[in-house]
Amino acid sequence: MSTPTEVGEREDRLARVVPDAIAAIHEVLERHKVTEDEWHAVLGYLTAVGKADEFVLLSDVTRTSVLIDALSHGAGESATPSNVEGPLYRLDPPWREAPVKLYEEYEGVEEGEVLFLRGRVTSSDGTPLPDAVLDVWQTGPSGGYDIWDERQPDYNFRGRFGVAASGAYEFQTMIPNPYTVPTVGPVGQYLEAVGQHAWRPAHIHFKVSADGHQPLVTMVFFAGDPYLENDTIGAVKESLVLSLERHEDDTEVRERGLKAPFFTCDFDIRLRPRGG
Ligand SMILES: [Fe+2]
């Protein structure tokens, strides 16, 4: 339930922002002399976006989500930068115990390469946060997210887990690959109409929370990805681009219980204290 103060603040914001937004739209309509038919097409298009549940995706590909992320979180030097959540998060992902493995074996898994992603969760001053919880989601090495890839078990490459007393975490996953955002719906029509490709660089999404700290939503990318400079949602931040290290020593591979070389990658996460 909203408090009377919150309701008052919301009404205040609406009273300031909405007339400006309408005036900006009217200005564009006048400047381009938009016709009745064209305006009806716009309204029909937005209706289709709503019916397809693609407003978040539309916000992403028009780079509006990136703008709102920048306006909301700004650039703090000491905390890990935030990033957009995107439309592919699923509520209530499974809790995974250590040693955390983010996926179950399935037909097609051999197409990928194993990655151990690890780091420490600390406050922005470096104090470990032993009660931190990570919530991670990503595409498989092929076929995209679990909801698109019928070979994958439900909630594959998704999960929540805790950290050690030192704030350290590690999880086993597979290196994701670049993928295209969905193109069969109204957002796909938009991309085609404006000549924008649908590719995103490979990435892994994170939500991280800890007591007394602002929750962080972010995502990491990998050096050398062909779409780093050209992400269709424009979300790449340099400090979120990680380096992969390949391990091919037989003993190391065996110790990990694997049969093929694997990769590691380090990502330390610093959360901003509440009110900080
Ligand atoms: Fe994604």
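Whatever order the structure lists ligands and atoms in, that order sets their numbers, starting from 1.
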ring-ring contact (aromatic ring centres under 6.0 Å, His included): which pairs involve residues 166-187, sequence neighbours left out?
-> Y145-Y179, W148-Y179, F161-F171, Y179-H203
Mutual orientation of the aromatic rings belonging to Y89 and W137 [parallel < 30°, tilted 30-60°, perpendicular > 60°] = perpendicular
The number of protein N, O or S atoms lying under 2.8 Å from the Fe ion (ligand 1) is 4
Going by the side chain to side chain donor-acceptor pair (under 3.5 Å) test, name the single residue among R158, Q152, Q172, Q138 that passes it with Y103.
-> Q172
Can we call the ring centroids of F116 and F263 under 6.0 Å apart?
-> no
Decide whether S65 and S59 meet the rule of one side-chain donor and one side-chain acceptor closer than 3.5 Å.
-> yes
Indicate yes or no: at least one non-hydrogen side-chain atom of L115 is less than 4.5 angstrom from one of T264.
-> no
